[in-house]
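This report concerns only the one structure given below.
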There are 2 protein chains.
Amino acid sequence: MKYSVVIVEDHILLSQALAGLVNGFSKFKILYLCKNGRELLTRLKDPKNIPDVVLMDINMPIMNGIETTIALKEEYPEVNVLALSVEEDEKTILKMLRAGAKGYLLKDTEKSILENALVEVQETGFYHTKDVTNLLLGSLNPKKENKVLLKEREMEFIKHACTEKTYKEIASDMCLSPKTIEGYRDSIFEKLHLKNRTGLVIYAIKNKIFIP
Amino acid sequence: MKYSVVIVEDHILLSQALAGLVNGFSKFKILYLCKNGRELLTRLKDPKNIPDVVLMDINMPIMNGIETTIALKEEYPEVNVLALSVEEDEKTILKMLRAGAKGYLLKDTEKSILENALVEVQETGFYHTKDVTNLLLGSLNPKKENKVLLKEREMEFIKHACTEKTYKEIASDMCLSPKTIEGYRDSIFEKLHLKNRTGLVIYAIKNKIFIP
DNA sequence: TATCAAAGGGGTGTTTGCCCCTTTTTATTA
DNA sequence: TAATAAAAAGGGGCAAACACCCCTTTGATA
């Protein structure tokens, strides 16, 4: 009996092509394909649709891989998730692993490595490349707290600050007094060592708080 | 006799998966795979390695799809290029088509469409989805000149404006009077319909004048 | 020599950045 | 449970920076 695999990936061509590869592996067969996380969660409601492994892309519209993995683990903790992404961003990888992924694979790998990863995840419970292992080790002794210091409300303000609005307009949009907004700004400037709004905009874009 | 196909794509997994798909098509077979444009150009030096069609990714390290297509068409104009990308950016698509690509396919398509596109490109010489056709039509009667209006000195100023420097500091860096800098700013604001420096920074980043 | 663009300037009102300080809300813990 | 932090929210005032007028000088060039 082969292990069943579901692929969650928004690029249909890649999804179908991967399906071809997986069906060629001796121990695995594709159950079905999904275009995003929501579609997966919907289909899982039918017990016949619960696979052994989910091959999960991270960047997806509608519902991304991290949210989907969290929701999936909540309901079906026995399903193994293998993350698949071009994203090498440290924070993203850690988020995905914390969400419950059992392995993390870059799209830039050999098909034999994919097969090996699937086998490992299914039979030993995890698979990680040297890169990801090193990353994990590095994150154990972290460089103090480096960014948890931004609060939810401040993040929201930053997004507004990345527009042509004045602080007065931002205040009105956020239903706060202009003085409160100035308070947000001042405390952010201090925490991030910024001198002015231009610096804040650049910071926000660099750190993907605001995407132009 | 099947038509030969070469895939140029930096993500090896996708490359191999696509190869599987293409080898499943009745009229096509994979000749070999390349990880980037330079690799393709090197291999083409052997006449045995000249394929009928190249399936070309656009975003690649080392040598991207556009440069590669231009170089390829220079030496081997009879090879058909089918572009393959997630990029829906108008300018990129047009550049690729001007470089000589015979078709443009989004990664977000069905495998049957890939097969159809390959057939069309090989047998009729071109393949375009409705989206790309509309884009082409739109670019025929262009909206006047839309961006040549920025002068060299203004571009330089914009880069400085994307920092925490004040206008006074920018003036001193560019060896100009602060009033001249303000003049640059005012004329740019007017030409680009911007309201303040924040808007300018966002514009500069969107248009790759400044890369954060 | 007329023209046009680049460079520079004066004046003014608004926005921003940065001090200080008070009130309200939300946790924490003695 | 009351006492006490400690946040979040709001405020006054001020100087610097920014945005927006309208105007002059300079220099190339047609």
Side-chain angles (χ1 to χ4, degrees), chain A residues 142 144-212, chain B residues 143-212:
Chain A
K144 307 292 154 55
E145 18 58 83
N146 49 350
K147 74 163 328 207
V148 197
L149 27 71
L150 280 182
K151 307 188 212 317
E152 205 45 52
R153 207 78 177 131
E154 290 175 335
M155 296 286 269
E156 199 183 328
F157 156 71
I158 292 179
K159 284 173 197 155
H160 284 282
C162 293
T163 70
E164 294 194 326
K165 286 187 279 216
T166 66
Y167 292 132
K168 211 182 292 180
E169 288 166 338
I170 294 173
S172 134
D173 281 7
M174 290 178 68
C175 300
L176 289 172
S177 143
K179 274 298 173 182
T180 304
I181 292 297
E182 290 186 29
Y184 286 171
R185 177 201 58 199
D186 294 348
S187 96
I188 292 170
F189 278 7
E190 204 194 339
K191 283 192 278 197
L192 303 178
H193 311 294
L194 300 172
K195 281 213 264 287
N196 50 43
R197 188 161 164 180
T198 301
L200 178 58
V201 172
I202 303 290
Y203 175 89
I205 291 171
K206 271 190 185 160
N207 292 274
K208 300 181 211 282
I209 296 170
F210 173 77
I211 292 145
Chain B
K143 321 91 184 166
K144 304 292 154 55
E145 19 60 84
N146 50 350
K147 72 167 329 212
V148 196
L149 27 71
L150 282 181
K151 307 186 212 319
E152 205 44 52
R153 208 78 177 130
E154 290 175 337
M155 296 286 270
E156 199 183 328
F157 157 71
I158 292 179
K159 284 173 197 155
H160 284 283
C162 293
T163 70
E164 295 193 325
K165 285 187 279 215
T166 65
Y167 291 131
K168 213 181 293 183
E169 289 166 336
I170 295 173
S172 134
D173 281 8
M174 290 179 67
C175 299
L176 289 172
S177 143
K179 273 298 173 180
T180 303
I181 291 298
E182 289 187 29
Y184 286 171
R185 177 200 59 202
D186 294 348
S187 97
I188 291 171
F189 279 6
E190 204 194 339
K191 282 192 277 196
L192 303 178
H193 312 292
L194 300 172
K195 282 213 265 289
N196 50 42
R197 186 160 165 179
T198 302
L200 178 58
V201 172
I202 303 291
Y203 175 90
I205 291 171
K206 271 189 185 159
N207 291 273
K208 302 182 211 287
I209 295 169
F210 174 78
I211 293 145

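Computed from a prediction, not measured in an experiment: that's the story for all the values here. Both backbone and side-chain heavy atoms feed into the values below; hydrogens, waters and symmetry mates do not. Numbers restart at 1 for each chain; the letters A, B, ... are given by sequence-line order, proteins then strands.
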Value in whole Å for how far the [atom2] atom of [N] lies from [atom1] of [X]:
| X | N | atom1 | atom2 | answer |
| --- | --- | --- | --- | --- |
| L200(B) | dC18(D) | CG | P | 12 Å |
| N196(B) | dC20(D) | CG | C1' | 13 Å |
| R197(B) | dT14(C) | CZ | C1' | 17 Å |
| E154(B) | dA6(C) | CD | C1' | 10 Å |
| E169(B) | dA17(D) | CD | P | 8 Å |
| K195(B) | dA19(D) | NZ | P | 12 Å |
| K168(B) | dA15(D) | NZ | C1' | 11 Å |
| Y167(A) | dA17(D) | OH | C1' | 12 Å |

Item to check | Residue-level proximity of residues 175-190 of chain B to DNA chain D when a heavy atom falls under 4.0 Å | outcome: K179(B), E182(B), R185(B), D186(B), F189(B)

Item to check | Within 6.0 Å of NZ in K168(B), more than 12 heavy atoms from elsewhere | outcome: no

Checklist entry - Are there more than 12 heavy atoms of other residues, nucleotides or ligands under 6.0 Å from atom NZ of K195(A)? => result no

Checklist entry - When rounded to the nearest 0.5 angstrom, what is the spacing between CZ in R153(B) and CE in M174(B)? => result 4.0 Å

Checklist outcome for this item: In this structure, CZ of F189(B) is separated from CD of E182(B) (nearest 0.5 Å) by 10.5 Å

Checklist entry - If we only count heavy atoms from C-beta on, is the K151(B) to Y184(B) side-chain gap below 4.5 Å? => result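 The answer is no, as the side chains (C-beta and beyond) never meet within the 4.5 Å cut-off.
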
Next on the checklist: Quick check: do I202(A) and T163(B) have side-chain heavy atoms less than 4.5 Å from each other?
Outcome noted: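 Counting from C-beta outward, I202(A) and T163(B) never come under 4.5 Å.
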
